[in-house]
Each structure stands twice: as C-alpha cells, then as structure tokens.
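A short worksheet on the structure shown next.
Whatever order the structure lists them in is the order used to number ligands and atoms, beginning at 1. Counting begins at 1 with the first residue of the sequence.
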Amino acid sequence: MEKSSSTPSLRRKLKSAIQKTEGLAEVEELIRAKLTSSAGLLSEIPLYLFNLGGKRIRPLLTLITAKAFNLHPPSPEVIKVSAGIELIHMATLLHDDIIDHSSLRRHQESPLAKYGMVDTLLSGDFLLIRAFGICAHLDPYIIDLTERACVELTEGEILETPLFEYQHDLESALNIAVHKTASLFKLATQCAAYLAGTGSDAIVSLAELGLNLGIAFQILDDILDVTASQEALGKSPGTDLLERKPSIVNVLWLQSGTQLSQTLFSPPCKNSNFVEKALSELRGSEVIKQAKSLAVSYAAKAKENLQAAVQSSLTETNQEALGDLNEIIDFIVERAQ
Ligand code: FPP
Ligand code: MG
C-alpha cells in the first residue's frame, strides 16, 4: 500500500507508467544482486526493506527522464545509476528510522524494530558501499554528482534539529527539504540528462526539475503526516508534531501564531494529548492549504523546467515519456487529495 491518499485514477496512471517503464525490472535485478553478503544479516535486512515495496520513484525518474530525451532503451549506465540511487535511498531509510526511532516503515515493522539498532545501522552502511561500488565504474561526472548528493543528504539530516533547540522558519525548513530529499531527485534527473546527451543547458533545467520536484515531494510528505489516516500512512500520523520537527507544516503553523502551535517550542511530553489536539486544529486549516499551494508552486516550476529542457535539448524528445514525466509531477502533488 502507498503512503498516500491520491485519487484512484492517478494511482492507476502511476502504476501503468511503472509497468511500462522499460528497465525497471533490470534495475530491481541489479539491486537484488547487490544485496548479497557472506554475513547473512547483511543480505536479510536490506532485502526485508526492499521487499516492503515503495514507489521506486527515484529510479523511475531516472529511466523516464532518459527516455524522454531519447535514451531508449535504457543504456547499462542508466540502469546502474537508477539502481545506485535506489540503494542510497534505502541506506538513508535505514539510518533515518534509527534517528527517528521509527517502529513502522511502509505499513510493516521497521527494520529497526525487527533487527535492532546495530544491525540496521550496519545494513545502511553496507547499502551505501554497494551503491558506491556501482557508481565507481561510471563517469567521473556522475561520481562527483553522487558524492555531492550524499553529502547534501547528511547535511539535511543534521540541520533538522528540533524546534525546541532551534527556531526554524520557512526558509530553513525548505533548505532542509532541498538537502535531505531534493538532492536525490536532482541526482536522478541530472544524471539521466547527462547520459542522454542533452547538452549543458538542458542538464541545468533537468537538475532544477529534480530539485523542485523533490521539494514538492517533501512538502507533501509533511502534509500527509498530518492529514492522512494511520491506515494510509502506514504509521501513526503526527510524528513530526510529536518530535517537534522543522517540517514545512510545523513552521507554517508556528508562523500562524496560534497558542497551541507554541507547544512546538517545548520538548515532547509523554503524557500530553498535544498531538491529537494539534491534528484536529491543523486538519482542514489554512496552514495545510498554504502548504499545498506551496507544493503546487514547486510542481509548476518543475513543469516549466521540463519545457525549458525540451526547448534547449540537443537530443530528440519522446512524447510518451514526456507525458509520463508530467504525470509523475502531478501524482506527487495530488497524492494528498
Ligand atoms: C526521510 O525523511 C529522510 C531522508 C529523506 C533523508 C535521510 C538522510 C540520512 C539519514 C542521512 C544519511 C545519509 C546517507 C547517505 C546514508 P522523513 O524523516 O521526513 O521521512 P519519513 O516519513 O520516511 O521518516
Ligand atoms: Mg524520518
């Protein structure tokens, strides 16, 4: 089940884009091949996470962007980049669950809850090294971009201090989203553009597309943490509230100045019913509408970036894949409706 409450038709469209995306099966095969180790748990834990599913949105973006700019069928390099990015993403999920003390991931027991902190941490390290094993055989341009994206990921996570330690505002919350989430989206689209040979102007536009889409994705993630049901979310709603995270929704709520929002400046209190009260104040509020329109504005920028890339690309373009890219952008912002 997806962490979303998107309309059935959008989910169907995404599913059909996934099914018809050439190369995704090869990407999954390469990922599985990289999950082997003589130490059983280092295979078992990453495989457990991999089998929990997920949208595979990052490899999908790489494959579809490459196809949209005429690299079709996907070259071995595109398959490797797609698999490497998903392996990095998996590593961050393992580490993120440790940081967030999350007992649930994708509707199931999280690897952390099932295997404990030490083995989950080491499995994340293992996945990251496996990703770099793939990356090391690629063009130095891609190696540099991958290093930069991984540095940005860690920077985003370390900047994400709770609101009772640092008074974040919208600008700093967006900066965190740029680092912790948009960095991998940008890596996906920028590498695809480079491998497709679009030329430097279109590479810049497609990197921007990934960046804007990643920001929109994180805003939706923050919205869903408030608006989605436990069933749709696959974990308890309100964890960003409970943990006083500098999520986009939380900083907008603070900006709105309500009395209850000021609780975010105090460390979590185990016996309080703050989260329930906060959820009922926030659901359907102006704060959520503001966050949604912010996400829509980033998605619109992503669409403009795509048009600019089409105009400046040195390659032919593929109409079907361009349509799929536009649908992915729509899916990302509409999954909260
Ligand atoms: C999930 O966000 C977390 C991330 C997108 C980034 C995590 C990055 C790290 C743990 C840094 C480590 C980096 C490497 C390269 C291993 P979230 O907490 O908002 O979402 P959630 O709902 O999935 O927990
Ligand atoms: Mg988290």
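- Using a 30° and 60° split on the angle between ring planes, Y48 and Y115 fall in the perpendicular class, above 60°.
- Here atom 20 (O) of ligand 1 lies nearest to D221 when heavy atoms of D221, T181, L127 are compared.
- Not one N or O of T154 is nearer than 3.5 Å to an N or O of ligand 1, by distance alone.
- The distance from ligand 1 to the heavy atoms of H95 drops below 4.0 Å at these ligand atoms: 10 (C), 16 (C).
- Ligand 1 does not have H89 within reach: every non-hydrogen atom of the residue lies 4.0 Å or more from it.
- The residue D222 has no part lying near ligand 1, judged by heavy-atom distances below 4.0 Å.
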Kindly determine whether Q218 and T181 satisfy side-chain hydrogen bond (donor to acceptor under 3.5 Å, both in side chains), including the steps that lead there.
CA-CA 7 Å; Q218 186 58 50; T181 308; 2.6 Å; yes
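- Among E243, E157, K245, the residue whose heavy atom lies nearest to atom 8 (C) of ligand 1 is E157.
- Relative to the six-membered ring of F274, K277 misses at least one condition, a distance below 6.0 Å or an angle of at most 45° to the axis.
- Under the 4.0 Å criterion applied to side-chain N and carboxylate O atoms, E304 and K301 are not assigned as salt-bridge partners.
- Atoms of ligand 1 found under 4.0 Å from any heavy atom of Q218 (numbered from 1 in listed order, with element): 19 (O).
- Ligand 1 has K235 within reach: a non-hydrogen atom of the residue lies less than 4.0 Å from it.
- When each of T198, L206, D201, I203 is tested with S313 by the rule side chain to side chain contact (heavy atoms under 4.5 Å, CB included), just one qualifies, namely T198.
- Ligand 1 has no N or O atom lying under 3.5 Å from any N or O atom of E160, backbone or side chain.
- Geometrically, ligand 1 and T92 share no nitrogen or oxygen pair separated by less than 3.5 Å.
- Counting heavy atoms under 4.0 Å from ligand 1, residue D100 touches it through the side chain alone.
- Side-chain contact between R32 and N51 is present, with at least one heavy-atom pair separated by less than 4.5 Å.
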Using distance only, find each side-chain donor-acceptor pair of residues 79-94 under 3.5 Å and give its atom names and separation, not counting sequence neighbours.
from : atom 1 : to  : atom 2 : distance (Å)
S82  : OG     : V78 : O      : 2.7
H89  : NE2    : R58 : NH1    : 3.3
T92  : OG1    : H89 : O      : 2.7

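- Take F50 and apply the ring-ring contact (aromatic ring centres under 6.0 Å, His included) test, not counting sequence neighbours, and it matches no residue.
- In K180, the parts holding a heavy atom less than 4.0 Å from any atom of ligand 1 are both the side chain and the backbone.
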